[in-house]
> 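Let me give you the structure first, and then I'll get to my questions.
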Amino acid sequence: MALFKQLILSGVMASAFALPSMAQTSSAAGGQSGYDETLEAISPTDEPVRVGLAGEDPADIGRYILAANGGVGGGSLSPDGETIAFSWSITGERQLWTIPATGGQPTRLTYGNGISFYRWAPDGEHLIYGADNDGDEQEAYFLISADGTSEEIIFPAQPGAFRTFGDFLPEGDGIIYTSTARTNLHFDIYKAAIPNGEPEIIYEGEFGVYVGAVSPDGKYVNFSTTVGEDSNNLYMLDIESGDVTTISEPERRASQGGITWKDDSSGFYFVSNMEREYQAIQYYDVESGFTSMIASDDQADMGSLRLCGADDRYLAWTRNVGGYSVIHVEDRVEDTMLDVPELPDGAYGLSCNEEDPRIVIGVNGWRTPGSFVTWDLDTGEVHDTFIAPMAGLDPERLVRPEDVRITARDGVELQGLLYLPDDASYTGEGLPPVVFFVHGGPTSQSRPTFDANTQYLVDQGFAVFEPNVRGSTGFGHTYVTLDDRENRLESIADLVDMLDWLREDGRVDADRAAVVGGSYGGYAVNAAVANFPGNFAAGVSLFGVADWVTALEVASPGLKASDRIEYGDITEDYWREYYTENSPIRQADQIDVPMLYSHGARDPRIDIYETEVMVRTIRENGVRADYIRFLDEGHGWRKLSNQLFYARAQAEFLADVLDMDIGE
C-alpha cells in the first residue's frame with residue numbers, strides 16, 4: 001500500500017479548502033479555466049518501470065500495462081500491398097511504424113510527442129500523420145517518407161482550432177480535411193495542395209462536419225453532419241462546383257458512414273441504420289441517385305466495410321455480435337461467400353486496397369492486446385504478420401468474459417461482460433468484490449478487448465463487470481436513444497439494477513462493489529454515488545463530467561450539435577435549469593463513500609475545475625476524496641509513466657476501500 005500511504009502523507013485527505021480565486025488558478029498547463037494550485041493533489045512522479053519477475057503469479061500491473069502498449073492499433077495496407085503501417089505505443093508514446101506485409105522487422109518512423117492519426121498517400125511512398133501538444137487535440141499535420149528518412153510539417157497547429165483529416169486527392173497532390181479555423185466553433189471543409197499549398201474552404205459547415213472518402217476520379221467527397229451522439233446525415237460534395245447532393249437525411253436520425261467507393265466512381269457502399277434498428281450495408285448509385293440494400297442483419301450492426309482487390313472483386317465487412325466481431329467476405333465475381341480463417345476472439349478492423357487481393361485484419365481481444373494477420377483472398381493463405389508481445393504474461397491466465405443479460409426494473413434488457421477470478425486468484429473468505437468499469441461516450445460499447453486494468457484486477461482476485469447500460473451502441477437504434485435528455489438518470493439506475501442482479505446471482509460480493517469510469521463514464525460514477533447512495537462502496541472518476549452546464553457550454557465544436565440531441569440545448573432556459581439541478585457538481589454533498597479523482601490539466605473536453613470542485617466539496621464533508629492531477633496530459637493518459645503511476649494508484653485505492661490484499 002505504498003502509494004496509498006503517499007496519498008495520505010501528501011495531504012490529499014485534508015478538508016476545508018476555499019473556492020479558487022483568479023489569483024489561485026493556473027492555466028499555464030492548458031484546460032479552459034486552469035487548475036487550482038491551492039488544492040492538494042498528487043503529482044505523478046516519473047518512477048523507474050517496475051514489472052516484477054516473469055512467471056510471477058499474480059503478475060505486476062506494470063506487465064499488464066506494457067502488454068497493452070505492446071499491442072498495435074489497426075494496420076493499414078500500402079497502395080502496392082507490400083507494407084503495413086500501424087500505430088504502436090511500445091516506447092511509451094503512440095508512434096507510427098511499418099512492417100512488411102509478409103512479416104519481418106518493424107520500422108519506426110516517428111519520434112515526437114505521439115501521433116493522433118496516419119494515412120498512406122496514394123503513391124505509397126509517403127504517409128501523412130497528425131500530432132498535438134500533450135493531448136490538447138489541436139493537431140499539426142506532417143508528411144513523412146515511407147522509409148522515415150524525410151519529414152516536413154505541412155500545416156502547423158492553430159491555437160484554438162480543431163482539425164479532422166478526411167482523405168487524399170487521387171493524385172496525392174492535395175488533401176481534404178475539416179477545421180474550425182474560421183470561427184473556432186463550426187467545422188468547414190478545406191482543400192489544400194501539399195506540401196505547401198494554401199488551404200481553401202470549399203464548404204462552410206455548422207458544428208460537427210466530417211469528411212469521409214474522395215471518389216477515385218477526384219470529383220466528389222463524402223461528408224457527414226452531426227445530428228446526435230449516435231447519428232449523422234450523409235452528403236456528397238462536388239469538389240469543383242460546390243454542389244451538394246443529399247445521400248441520407250432521414251427524419252428519424254440514423255448512424256451512417258464507412259464509405260467505400262467503386263473503382264470507376266459510379267457509386268459507393270456505406271453502412272446505415274436508416275429506418276432500421278441495426279446498421280446494414282447499402283449502395284448508392286451516383287447516376288440514378290438510388291440507394292439499395294446489399295446485406296442486413298436484424299440482430300447485429302455491420303461495420304469495417306471494404307472493397308478489396310482488382311475490379312472490386314471482394315466486398316468485406318464485419319458484424320458486431322454481442323461485442324465480438326464476425327468477418328464476412330463476398331466474392332463478387334463468383335457470387336460466393338469465402339470461408340473465413342479462424343481468428344482469436346475480439347473486435348476486428350479491416351484494411352485492403354484496390355489492387356492487391358490481401359486484406360489486413362487487426363485483432364484486439366481479451367487475450368490479444370493488438371495484433372494483425374494478412375489474408376490472401378485469392379489463395380486463402382494466412383500470415384500472422386504481427387503478434388503482440390505479452391510482456392511476460394501467461395496468456396492462459398487471462399480471463400474470457402461472460403456475456404450477461406439482465407432485465408432492468410422497467411423491462412429493458414441490459415447487457416454486460418462479467419470477468420470472474422478463478423480459485424487461484426481469489427483466496428479470501430466469502431465472495432470476491434466486484435468493480436464496475438463504465439464506458440464513456442455514452443454512445444460507445446464495452447467489448448471483449450484487452451484491458452490491462454481489468455485483467456490485472458481479476459488476477460488479483462477481484463471480479464470485474466463492464467456494463468452496457470441503455471444508451472450504449474451495438475444493441476440497436478432504440479437502445480441508444482433510451483438515455484436521451486430527461487432519461488439520463490435511467491441509464492445510471494441501470495447500474496444499480498445490474499448490481500442487484502449480481503447480488504442475486506450469488507457469485508460476487510455486491511456489498512463490496514466499486515464503480516469506475518472515465519469521461520462520460522466519470523459522470524456515471526459521480527451520478528451513481530450521489531443519486532443512488534447505499535449501493536456502491538466507492539467510486540473512481542477519471543476526467544469525468546461533473547457540471548453539465550459548463551460541459552455543454554465549453555464542449556468542443558464537434559460535440560455541440562450532437563449534444564443538443566443527446567442532452568438538450570444548454571442555451572435554452574429549460575435545459576440550463578434542468579442541468580443546474582441535475583449535475584453531480586451540485587450533488588457532491590450527497591456523496592458519502594471514498595472517491596478517487598484524476599484529471600489532466602490540458603483536457604480540452606472537460607474542464608479540470610469540474611473535478612476539483614467535486615474533490616473540494618467531498619473533503620469539506622469529511623469524506624475521503626483522493627485526487628491525482630496530471631499537468632502534462634489531456635483527456636486521458638498517453639504517457640507510459642503516467643499510465644503506470646495511475647494504474648498502481650487506482651489498484652491500491654480499490655484494494656484499500658474493498659478490503660483486499662494485492663501484490664506489490
Side-chain angles (χ1 to χ4, degrees), residues 57-71 89 322-324 344-347 363-370 388 390-391 393-404 415-422 424-426 432-441 444-469 472 495 498-499 502 507-509 512-519 521-522 524-525 536 538-542 596 598 636-637 643-644 646-655 657-658 660 662-663:
D57 188 15
D60 188 273
I61 181 62
R63 290 190 179 272
Y64 288 90
I65 298 295
L66 291 171
N69 280 272
S89 300
Y324 291 90
D345 286 343
V363 182
N364 190 314
W366 57 273
R367 191 179 277 178
T368 310
M390 294 300 297
L393 295 177
D394 179 1
E396 296 301 317
R397 293 290 300 141
L398 301 177
V399 174
R400 189 183 197 274
E402 176 184 336
D403 183 340
V404 173
Q415 188 266 0
L417 300 173
L418 178 61
Y419 297 77
L420 291 171
D422 59 22
S425 295
Y426 182 68
V434 61
V435 179
F436 278 47
F437 278 111
V438 186
H439 66 67
S444 182
Q445 182 184 5
S446 290
R447 304 186 68 179
T449 54
F450 185 84
D451 185 276
N453 291 290
T454 291
Q455 293 290 348
Y456 171 74
L457 289 176
V458 173
D459 200 25
Q460 291 285 347
F462 296 81
V464 171
F465 185 64
E466 297 180 353
N468 283 307
V469 298
S472 301
L495 297 173
M498 290 171 153
L499 182 60
L502 288 172
R507 289 180 287 173
V508 305
D509 185 351
R512 289 193 293 159
V515 57
V516 180
S519 191
V525 170
F536 291 99
V540 178
S541 176
L542 300 87
L596 171 61
S598 56
W637 326 139
Q643 294 170 16
L644 289 166
Y646 180 79
R648 293 190 192 281
Q650 176 176 274
E652 291 181 10
F653 173 84
L654 291 170
V657 297
L658 298 181
M660 288 280 287
I662 62 173

> When you compare the side chain of Glu466 with that of Pro401, does any pair of heavy atoms fall below 4.5 Å?
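When only atoms from C-beta onward are counted, Glu466 and Pro401 do not touch, as no gap falls below 4.5 Å.
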> Who passes ring pair (Phe, Tyr, Trp, His ring centres under 6.0 Å) against Trp637, sequence neighbours left out?
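By the ring pair (Phe, Tyr, Trp, His ring centres under 6.0 Å) rule, Trp637 matches Phe543, Phe630, Tyr646.
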> Hey, could you give me the CG/OH distance between Asp403 and Tyr324, rounded to the nearest 0.5 Å?
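The distance works out to 7.5 Å.
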> Taking atom CG of Leu66 and atom CG of Leu644, what is their separation to the nearest 0.5 Å?
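Between Leu66 CG and Leu644 CG, I get 6.0 Å after rounding to 0.5 Å.
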> Once rounded to the nearest 0.5 Å, what's the spacing between atom OH of Tyr456 and atom CD1 of Ile662?
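With rounding to 0.5 Å, OH (Tyr456) is 4.0 Å from CD1 (Ile662).
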> How far does CG of Asp57 sit from CG of Leu393, to the nearest 0.5 angstrom?
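Here the rounded value is 10.5 Å.
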> Can you find a heavy atom in the side chain of Thr368 that is under 4.5 Å from one in the side chain of Phe450?
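Side-chain contact under 4.5 Å: no.
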> Roughly how far apart are Phe653 CZ and Leu658 CG, rounded to 0.5 Å?
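So the CZ of Phe653 and the CG of Leu658 are separated by 8.0 Å.
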> The test is side chain to side chain contact (heavy atoms under 4.5 Å, CB included); show your working for Val508 and Phe465 and say whether it passes.
CA-CA 10 Å; Val508 305; Phe465 185 64; over 6 Å; no
> The criterion is side-chain contact (heavy atoms from CB on, under 4.5 Å); which residues satisfy it with Asn453, sequence neighbours excluded?
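Counting only residues at least two positions away or on another chain, Asn453 forms a side-chain contact (heavy atoms from CB on, under 4.5 Å) with Ile61, Phe437, Asp451, Ala647, Gln650.
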> Considering non-hydrogen atoms only, spot the tightest contact between Val657 and Ala538 and give its length.
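Residues Val657 and Ala538, closest heavy atoms: CG2-CB, 3.6 Å.
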> Quick one: does Ser425's side chain get under 4.5 Å of Val458's, heavy atoms only?
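A side-chain contact under 4.5 Å is absent here.
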> Phe462 and Arg512: side chain to side chain contact (heavy atoms under 4.5 Å, CB included), yes or no, with the steps?
CA-CA 10 Å; Phe462 296 81; Arg512 289 193 293 159; over 6 Å; no
> Taking side chain as C-beta onward, heavy atoms only, is Val399 less than 4.5 Å from Gln455?
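Yes, at least one pair of side-chain atoms sits under 4.5 Å.
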> Please determine if Glu396 and Arg367 form a salt bridge, counting it only when a charged side-chain N lies under 4.0 Å from a carboxylate O.
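Between Arg367 and Glu396 there is a salt bridge, with a charged N closer than 4.0 Å to a carboxylate O.
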> Might you point out which heavy atoms bring Pro467 and His439 nearest each other, and give the distance in Å?
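Looks like O-CD2, 3.7 Å.
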> Tell me the closest heavy-atom pair linking Gln643 and Asn69, and the distance in Å.
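Nearest pair, atom of Gln643 first, then Asn69: OE1-ND2, 2.8 Å.
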> Evaluate the side chain to side chain contact (heavy atoms under 4.5 Å, CB included) criterion for residues Leu418 and Leu502: first the C-alpha distance (whole Å), next the side-chain angles of each, then the deciding distance (0.1 Å), finally the verdict.
CA-CA 10 Å; Leu418 178 61; Leu502 288 172; 4.2 Å; yes
> Tell me whether Asp345 contacts the main-chain N or O of Gly365 through its side chain, where contact means a donor paired with an acceptor under 3.5 Å.
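No, because the side chain of Asp345 does not come within donor-acceptor range (under 3.5 Å) of the backbone of Gly365.
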> Would Leu398 and Tyr64 count as a side chain to side chain contact (heavy atoms under 4.5 Å, CB included) if you check the C-alpha gap in whole Å, the side-chain angles of each, and the deciding distance to 0.1 Å?
CA-CA 10 Å; Leu398 301 177; Tyr64 288 90; 4.1 Å; yes
> Check whether any side-chain heavy atom of Asp422 lies under 4.5 Å from a side-chain heavy atom of Arg397, and answer yes or no.
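SC-SC contact between Asp422 and Arg397 confirmed.
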> I need the minimum non-hydrogen distance between Gly461 and Pro421, along with the two atoms involved.
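Closest heavy-atom pair between Gly461 and Pro421: O-CG, 3.5 Å.
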> Suppose we screen for salt bridge (Lys or Arg N to Asp or Glu O under 4.0 Å). Which residues come up paired with Asp394, at least two apart in sequence or across chains?
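For Asp394, no residue satisfies salt bridge (Lys or Arg N to Asp or Glu O under 4.0 Å) once neighbours in sequence are set aside.
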> Keeping the roles fixed (side chain from Asn364, backbone from Pro369), state whether a donor-acceptor pair exists under 3.5 Å.
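Side chain of Asn364 to backbone of Pro369: a pair is present.
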> In Å and rounded to the nearest 0.5 Å, what is the CZ to CG distance from Phe536 to Leu499?
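That separation rounds to 5.0 Å.
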> Can you name the nearest heavy-atom pair linking Gly539 to Val525, along with the distance?
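Heavy-atom minimum between the residues: CA-CG1, 3.9 Å.
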> If I compare all heavy atoms of Ala67 with all of Ala391, which pair ends up nearest, and what's the gap?
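Nearest pair, atom of Ala67 first, then Ala391: N-CB, 3.8 Å.
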